[in-house]
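Residue numbering restarts at 1 for every chain, and letters A, B, ... go by the order of the sequence lines.
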Protein chains: 2
Amino acid sequence: MAARPATPPDRSRDRERTRAEILDVATREFASRGYSGARVDDIAERTRTTKRMLYYYFDSKEGLFVAVLERAYAAIRDAERAVDVDHLDPVAAIRRLAELTFDHHEAHPDFIRLVSIENIHRGEHMGDSLAAINAPAVERIDRILRRGREAGEFRDDVDAVDLHMLISSYCVFRVANRHTWQALFERDLLDPALRERYRTMLGDVVVQYLT
Amino acid sequence: MAARPATPPDRSRDRERTRAEILDVATREFASRGYSGARVDDIAERTRTTKRMLYYYFDSKEGLFVAVLERAYAAIRDAERAVDVDHLDPVAAIRRLAELTFDHHEAHPDFIRLVSIENIHRGEHMGDSLAAINAPAVERIDRILRRGREAGEFRDDVDAVDLHMLISSYCVFRVANRHTWQALFERDLLDPALRERYRTMLGDVVVQYLT
DNA sequence: GACATAATGTACGAACTAGTACGTTAGTCC
DNA sequence: GGACTAACGTACTAGTTCGTACATTATGTC
């Protein structure tokens with residue numbers, strides 16, 4: 001027997017690798033052109049495998065999109081797991097959390113685009129499993145709010161989901177509506193030169209509202 | 001000659017009427033299914049005229065979408081022209097303006113959807129003419145900011161376009177991301193029972209940030 | 001009322017697009 | 001080393017979709 005590395009050589013059969021490659025390409029294609037605009041043939045062509053495999057693993061174009069969406073949400077969850085702001089005082093914690101959301105959205109425009117696309121399609125591809133994913137994010141905010149209220153620093157009529165909405169709306173808008181905003185106001189919301197200003201502004205908005 | 005009303009009878013030839021009807025139907029279709037998802041044949045079918053007319057007036061599917069988008073922005077402009085908040089004191093004025101934006105976005109979900117769709121397509125259908133349309137909105141905010149600063153009520157480092165972004169992001173998100181939010185948090189952002197709460201929250205956010 | 005032209009209708013086609021029937025190869029288990 | 005199955009490739013098709021060639025009708029003008 002010839003020497004064989006632990007990972008199969010080059011083009012051996014590897015279920016997970018093939019699946020992952022299809023999902024990578026499909027994510028880019030769907031995010032780039034929307035659900036209806038994306039072409040199954042184009043996705044297949046950019047893969048090292050063929051269209052047949054795409055149907056073998058994901059059944060249909062719609063099945064592929066669902067898989068792409070679920071994987072994108074899962075990636076967010078994993079990234080957010082690392083966040084720990086419980087050691088900061090409430091005001092610093094909520095500002096930090098807002099900034100992390102800001103950074104994260106900016107770093108993942110494809111995810112934002114997929115969410116926009118899914119909303120155009122009225123959320124009909126959102127499985128029930130996704131609900132659990134974002135629960136930790138709200139719980140984290142809820143802990144901060146509670147601590148802030150107990151310390152007498154925060155107003156006591158703010159709901160965690162609503163605050164999450166406030167933060168998300170600002171961060172999402174900056175990425176999602178970049179192009180129309182640019183056309184209307186000749187201002188690139190993602191211009192690096194404006195980044196710090198927008199980041200600080202978000203923190204100010206959130207903190208001022210709460211205190 | 002038979003009696004003839006000033007407005008042509010029923011199915012006479014009427015350029016503007018035919019154009020308007022096509023645009024009405026196309027607006028709904030594009031907003032509902034996205035640019036690529038919309039079907040030219042479906043649009044034509046829901047019109048009292050034929051597909052031929054659609055190409056006669058708008059040249060192509062893309063030309064039709066551009067016309068739909070421009071008309072949608074023009075409608076916004078006309079609606080906003082009626083707004084007058086210059087007689088209110090700065091704090092009341094900015095809150096009122098935020099609430100008007102809130103109301104307006106809620107009342108025109110199709111417009112919000114078209115904007116989302118256009119952003120997915122990187123704003124490539126936005127003509128230069130649109131830039132002028134939103135200028136008045138920013139000027140109005142600028143006047144309020146100026147008055148607020150002069151009265152010593154507002155902080156002095158806030159840009160009008162940025163404040164407009166803060167307000168828009170909140171109002172747009174509520175409509176645009178309704179479906180994914182519902183799936184993730186089981187909360188309908190457009191639930192009438194929550195409307196007043198979200199409207200007040202927006203005003204609070206803006207006013208607290210500025211003062 | 002004849003003419004010119006704008007507005008409209010019909011029928012069709014070329015290209016695309018999601019999906020599949022059918023055959024082949026690699027790995028695994030005994 | 002042979003049988004079994006999961007993974008993969010090729011070639012094709014039925015239906016769709018944007019767009020157009022060509023014919024027709026209404027309307028204003030002289």
Side-chain angles (χ1 to χ4, degrees), chain A residues 1-26 28-30 32-68 117 121 124-125, chain B residues 1-26 28-30 32-68 117 121 124-125:
Chain A
M1 194 161 96
R4 201 98 183 250
T7 45
D10 202 39
R11 230 8 350 229
S12 70
R13 304 189 158 193
D14 185 334
R15 184 182 176 83
E16 286 316 309
R17 197 204 315 197
T18 304
R19 276 182 62 103
E21 190 183 351
I22 293 173
L23 286 175
D24 285 343
V25 175
R28 287 197 296 272
E29 175 80 1
F30 279 124
S32 175
R33 313 203 193 186
Y35 175 73
S36 306
R39 297 292 163 236
V40 173
D41 286 287
D42 288 355
I43 295 171
E45 226 168 65
R46 289 186 195 123
T47 305
R48 274 176 304 180
T49 180
T50 65
K51 184 162 61 156
R52 180 70 187 76
M53 284 300 95
L54 199 150
Y55 284 94
Y56 182 70
Y57 287 117
F58 303 102
D59 292 335
S60 63
K61 182 181 183 180
E62 196 173 355
L64 180 57
F65 184 72
V66 169
V68 162
I117 290 161
H121 292 275
E124 61 194 10
H125 307 99
Chain B
M1 193 161 94
R4 201 95 181 253
T7 45
D10 203 38
R11 243 336 23 211
S12 70
R13 301 189 159 190
D14 185 334
R15 185 183 176 83
E16 285 316 309
R17 201 213 302 207
T18 304
R19 277 183 61 104
E21 190 183 352
I22 293 172
L23 285 175
D24 284 344
V25 175
R28 287 198 295 274
E29 175 80 0
F30 280 124
S32 175
R33 313 202 192 187
Y35 175 72
S36 306
R39 296 293 163 235
V40 173
D41 286 287
D42 287 356
I43 294 172
E45 226 169 66
R46 289 185 195 126
T47 305
R48 273 176 304 181
T49 180
T50 66
K51 184 164 60 158
R52 179 70 187 75
M53 284 299 94
L54 198 152
Y55 283 95
Y56 182 68
Y57 287 118
F58 303 103
D59 291 335
S60 63
K61 182 181 183 180
E62 196 172 356
L64 179 58
F65 183 72
V66 169
V68 162
I117 289 162
H121 292 275
E124 61 194 10
H125 307 99

Considering only [options], which nucleotide approaches the side chain of [X] most closely?
X     : options                : value
A:S60 : C:dA7, C:dG19, D:dA7   : C:dG19
B:Y56 : D:dA7, D:dC18, C:dA6   : C:dA6
A:R52 : D:dT10, C:dG19, D:dA21 : D:dT10
B:Y55 : D:dT20, D:dA7, C:dT8   : D:dT20
B:T49 : D:dA7, C:dG19, C:dT8   : C:dT8
B:M53 : D:dC8, D:dG19, C:dG9   : C:dG9

In whole angstrom, what separates [X]'s [atom1] from [N]'s [atom2]?
X     : N      : atom1 : atom2 : answer
A:F58 : D:dA7  : CZ    : P     : 12 Å
A:K51 : C:dA18 : NZ    : P     : 7 Å
B:E62 : D:dG19 : CD    : C1'   : 14 Å
A:R15 : D:dC8  : CZ    : C1'   : 13 Å
A:L64 : C:dG19 : CG    : P     : 10 Å
A:L54 : C:dT17 : CG    : P     : 15 Å
A:D59 : C:dT20 : CG    : C1'   : 13 Å

Going through the checks in order, is the side-chain contact (heavy atoms from CB on, under 4.5 Å) test met by A:M53 and A:R48? CA-CA 10 Å; A:M53 284 300 95; A:R48 274 176 304 180; over 6 Å; no
A side-chain contact here means heavy atoms from C-beta on lying under 4.5 Å apart; do A:E21 and A:R46 qualify? no
Less than 4.5 Å apart, any side-chain heavy atom of A:L64 and any of A:I43?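 Touching, per the 4.5 Å side-chain cut-off.
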side-chain contact (heavy atoms from CB on, under 4.5 Å) between A:I117 and A:F65, worked out: CA-CA 11 Å; A:I117 290 161; A:F65 184 72; 4.0 Å; yes
Classify A:Y57 by what it touches in the nucleic acid, base, sugar-phosphate, or nothing, heavy-atom distance under 4.0 Å.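 It contacts sugar-phosphate atoms only.
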What are the residues of residues 33-47 of chain A, sorted by number, that bring a heavy atom to within less than 4.0 Å of DNA chain D? none
OG1 on B:T47 to CG on B:L23, rounded to 0.5 Å: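 Reported to 0.5 Å precision, the distance equals 9.5 Å.
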Measure the spacing between CZ of A:F58 and CZ of A:R19 and express it to the nearest 0.5 Å.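 Those atoms lie 4.0 Å apart.
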Report the relative orientation of the aromatic rings in B:Y35 and B:F30; use parallel for angles under 30°, tilted for 30 to 60°, perpendicular for over 60°.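 Ring orientation, 0 to 90° scale: parallel.
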